[in-house]
Every structure is written in C-alpha cells, then in structure tokens.
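Structure first, then comments.
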Amino acid sequence: MTTEVRVPSLGESITEATVVNWQRQTGDAVVTDEMLCELETDKVTIEVTASTDGVLGDIVASEGSTVEVGALLTTISADTVTTERKDASSADHPTKNAEPSSDRIEIRVPTLGESVTEATIASWSKAVGDTVSQDEILCELETDKVSVEVPSPTAGQLVEILASEGEAVAVSAKLAVIALTDPTPASLSTPATSDHGTAVSSRDTGSTAVEIGVKDAPAAVRAMANAGLSPQHVTGSGRDGRIMKDDVSKAIEALTHSTSPDAEANATAQPVAAEDAHREERVKMSRLRQTIARRLKEAQNTAAILTTYNEVDMGTVMELRNAYKEQFEKKHQVRLGFMSFFSKACCHALKEVPEVNAEIDRTDIVYKNYVHMGIATGTPQGLVVPVIRNADSLSFAEIEKAIAEKGRKAREGKLSLSEMQGGTFTISNGGVYGSLMSSPILNPPQSGVLGMHKIQERPMVINGEITVRPMMYLALSYDHRIVDGQGAVTFLVRVKEALEDPRRLLLDL
C-alpha cells in the first residue's frame, strides 16, 4: 500500500511554503511520526512527519522549491519496511515515536473553530515534572481571534512538553504527555539533551549543571549549527530561556551589525541607545492584535471608505430610559441602556437603505434580509466584535440581555469564533471612553459602521429659542463602492429621527 505525503494546511491566508530540507531520502525506511522534511512560510516553520511506517518513495519537491497547500511531496510504501529499521528509528526518536500506553495520556491541540488551523502557545501553566489535577489548566493557546485554555483530562504527572511557548502548533498536534501511574518517569532522571544529543548546560552561570526540561527549538538548533553560533551567544526568549528560531536571527543580525563598517561610526551613539533601552519595554504583539492591525489596514486598502456625520438630541431617549429603567430591570433582570435604542434605530433605518447592510462579493452585491448586529467591544487583549444574530427581530430586553452576555464573555476572553462571525452591520461606541467625534473604520466585508459618541450638553436653537440639550454626534462610515452619499445620509437621518422620537419605531415610520 502506498501513502501520499502532501503539504498540510499552513494557516489562514497562507497558500504556499518553501521546502527547507529533507531529513530522509528516497529508499530510506521511515516510521510513524518521524520527520521527513521541513517547510517554511513567512510566518512559521512546519515539520512534515510520516503518517505510517514504510519506505520513502520519489521526492517530488526538492529543497528550495516552493509548494502549494495540498501539493504532493513524496510517497511512502508501507509493505517493504524492515523490522530492524523500525526498531532503530524508534531508538533514535523515542519521543516522537512513542505510542501512548495505558498509563500515558497524550494532550493534543483541540479544534479551534471554523477555518482556524493553527494556534500559538501563549503560556504553559505547568512544567515537566509537575503534578496535575483533572481539569487543571496546562497551557493557553492563542489564535488570531480567541484564546483557548487546554485543561488536563486526568490527574497525573506532566512528563513531556513537546511545544514551547511562542511556537505555532496545528490542530491535533501533540502538546504534552501525562503519566497516570509512574511518578518518576525516565525522561526526568536523565539530563535534558538538545537535538544533537548533548547535555544542555546552564547559560547563566557557565556551569555544567543540567537544566531539566529546557530544550531549544529544533529549528533554532539547526539555525545555530548553520551559522556556527554557540547557544551562549544567543538569548532565548522561550520558556525557561529556550532558544527560538527568531532568537538566532536576532543574534546573527546583532553580530553582523557589530562587525559592519558603520559599527565604529555608531559607537558613540551606543551608550545613549543602551540607556534608552533600559527605559523601554518590548512586548510581542498578540495574534489578536496582529489580526486587528491587518484587517483594519485591509479595510482601508480595499474599501472606498467615506464618513458622513449628524447629531442627535438624546433628551427623549434619556427621559424614556429614566422613566422606565427600574420597571424594565425588575421585569427583565437586565439594565436598560442606550445600545438597545441604537440597535433598534439602525435595524429600522437598514430596512429603508438595505445597501448599508449588504456586502460586495467579487462583481455581485449580496443584500442581507436580516440584521446580524456587531457590537464593538474593547477588552484588555484588544477590540473584538461579538455578533447579535437576528437583531431586527429581537425586543429591547432580548437585545440588552444579548449585549450583556457577549460583553461579559468578551472581557473574560471566552467568546467563541461563531459568536464573532457573520455580522452584517456594526455599532461602535467611542462615547464610553469620552470620544466627542471620530470616524470609525469598516469591519470587512461589511459596508457600514455607526459610531456613537459622548453625550454633551450644548446650546441649541429650538423654535427660535436657545436651550441646552443633551447632544451626541453620530458618524456613519460606509463603503462608497456600494453605498451612495444619498443612501448614507438618509440612513443617518432615519437613525436620528428614530432616536429623537422613539414612537417611530413602534409605528414603523
């Protein structure tokens, strides 16, 4: 039987990779989970392993070639492998080829949601050798949308960690191993070794004391070997000082800079730079923050964003809210806020101007005959937009309950991917932070976003008299490719009218 080895999924928006090197050649005997080759994208390095025992067939993609997702790399013939080779390989790779026994449990990357194929190890809560309880959190994974906690399925002892902090891992990849019965596994009684089998020495003291469990990333080990660098010359950024591939690149760059012709000329500036560096803090951007940055920039580069403004007298809504908020909360067990009024007003206006609730799909315009309302929510990790589905058919109380629930889950980092997908229109309330006026950016592929702002008393002329009224500036940013100026202005006027006279919502006027 012949098994094909193809390029695996490389992550959202990544369609190709480069073959860095082959660890096995045509005719070599391989065993399950043994690394065959290494692929590299502009974001991560991925190891391709054997899915079965056998003999490696012809290598289709040579080192240095670019391959697309799903492309054939090689084949494995499963009927010609020898027992001797399998046994030898198992000895060479005891970690990767160990089959889970009855007293060991493998911890793998869980399903992360639709279209999400990989995550980054944000942090490990436990270290090798630690005793863990059932449901105790082992590590936290971070995708470009949510953070996922990985709990222990059973009580035992953590005996192996196979992915370091900062590493990218694919769905179903092995993360760790928990021993159920053996309190002193062999892996803890022997010195930790690097990829080439030598003991890992203490880099801080220069002694030969073994640092149990500290293992540099395989890609980093290879990069140091290629560059002729010693681990003592590289500062590790991973857990417990583990050296990552990025750390090697930085060390090489620093070494190159220090020996360049310009280095002497810059020597006088180094004391100043060093002094400033002590007052700086460098923090790696989270995947969520990177995605926010990418999507906002994509929106500016793709859509023809234009913003129109208006102002609304919030007096009537405030009076209505003050008159009924206690009864409302007593009956519905949720507070009556302004967001339900704005959601209702937007749903009302979208019926008249449906293009604001539509999206462009290549050369088609897709009109949505429903409103999935996105509510932009600020969290310590960044901006997220949970979606209230079918907001146009919900009551004030149902909208307020949905907003309260989504907001709580957003702050706790417990929003699922499905709760942030499928929005057709978004409301962003910068007023909670004191913003008086702003131009919100579209949330692609949506064509409209309403910006709410701070309520501020201003003198207004009403029926020829000057009076002080609680006013709010409104901003509608829209995609001018699909929404004309007339439609945008009409939409904002309808929102203003519905808020200044909420009876219009009851009468559908």
Side-chain angles (χ1 to χ4, degrees), residues 11-14 40-45 109 112 116 118-127 137-150 161 163-169 175 203-204 211 213-217 219-220 223-224 231 233-258 269-300 376-385 409-415 417 420 430 432-433 441:
E12 184 178 3
S13 78
I14 302 179
E40 190 171 66
T41 73
D42 56 353
K43 297 181 180 179
V44 294
T45 299
V109 178
L112 301 170
V116 181
E118 68 172 18
T120 299
I121 306 291
S123 63
W124 278 96
S125 303
K126 294 292 182 179
I137 301 304
L138 300 176
C139 68
E140 186 177 28
L141 307 179
E142 190 178 68
T143 73
D144 53 4
K145 297 180 179 179
V146 294
S147 295
V148 179
E149 293 179 337
V150 179
I161 290 179
S164 305
E165 290 182 1
E167 284 191 24
V169 288
L175 293 173
R203 301 189 186 103
D204 294 334
E211 296 179 359
V214 178
K215 202 171 187 180
D216 298 332
M224 285 189 289
H233 298 127
V234 184
T235 301
S237 61
R239 183 180 177 88
D240 299 328
R242 289 178 176 85
I243 295 178
M244 313 302 291
K245 188 177 181 181
D246 238 15
D247 301 328
V248 180
S249 299
K250 291 176 182 177
I252 294 173
E253 183 180 350
L255 186 63
T256 303
H257 178 74
S258 66
Q270 289 180 359
V272 177
E275 180 182 347
D276 290 342
H278 288 298
R279 296 183 292 171
E280 298 175 348
E281 181 182 5
R282 183 180 295 270
V283 179
K284 186 175 180 62
M285 289 178 67
S286 67
R287 289 174 65 96
L288 175 61
R289 175 59 60 186
Q290 292 177 47
T291 300
I292 291 172
R294 174 176 55 80
R295 286 180 60 83
L296 292 180
K297 189 57 183 173
E298 283 177 356
Q300 287 184 319
T377 305
T379 72
Q381 293 76 35
L383 183 72
V384 295
V385 187
K409 294 175 74 172
R411 290 187 294 273
E412 295 175 355
K414 295 181 178 179
L415 281 172
L417 291 175
M420 293 186 287
V432 296
Y433 305 110
I441 298 180

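Quick caveat: nothing in here was measured; it's all calculated off a predicted structure. FYI, side chains are in, hydrogens and waters are out, and symmetry mates aren't considered; it's all heavy atoms of this structure.
Heavy-atom minimum distance, M224 versus P231: SD-CA, 3.9 Å. Closest heavy-atom contact between A251 and V234: CB-CG2, 4.0 Å. Closest of all the heavy-atom pairs between A376 and L383 is CB-CD1, 4.0 Å.
Formation of a donor-acceptor pair under 3.5 Å by the E165 side chain with backbone atoms of W124 is found in this model.
Taking NZ of K297 as the start and CD1 of I441 as the end, the distance is 9.0 Å to the nearest 0.5 Å. Rounding to the nearest 0.5 Å places CD1 of I161 at 9.5 Å from CD1 of I121.
V169 places a side-chain heavy atom less than 4.5 Å from the side chain of L175.
The side chain to side chain contact (heavy atoms under 4.5 Å, CB included) check on A410 picks up T377, T379, V384, L415, with sequence neighbours excluded. Annotation: side-chain hydrogen bond (donor to acceptor under 3.5 Å, both in side chains) contacts of Q300 (sequence neighbours excluded): none.
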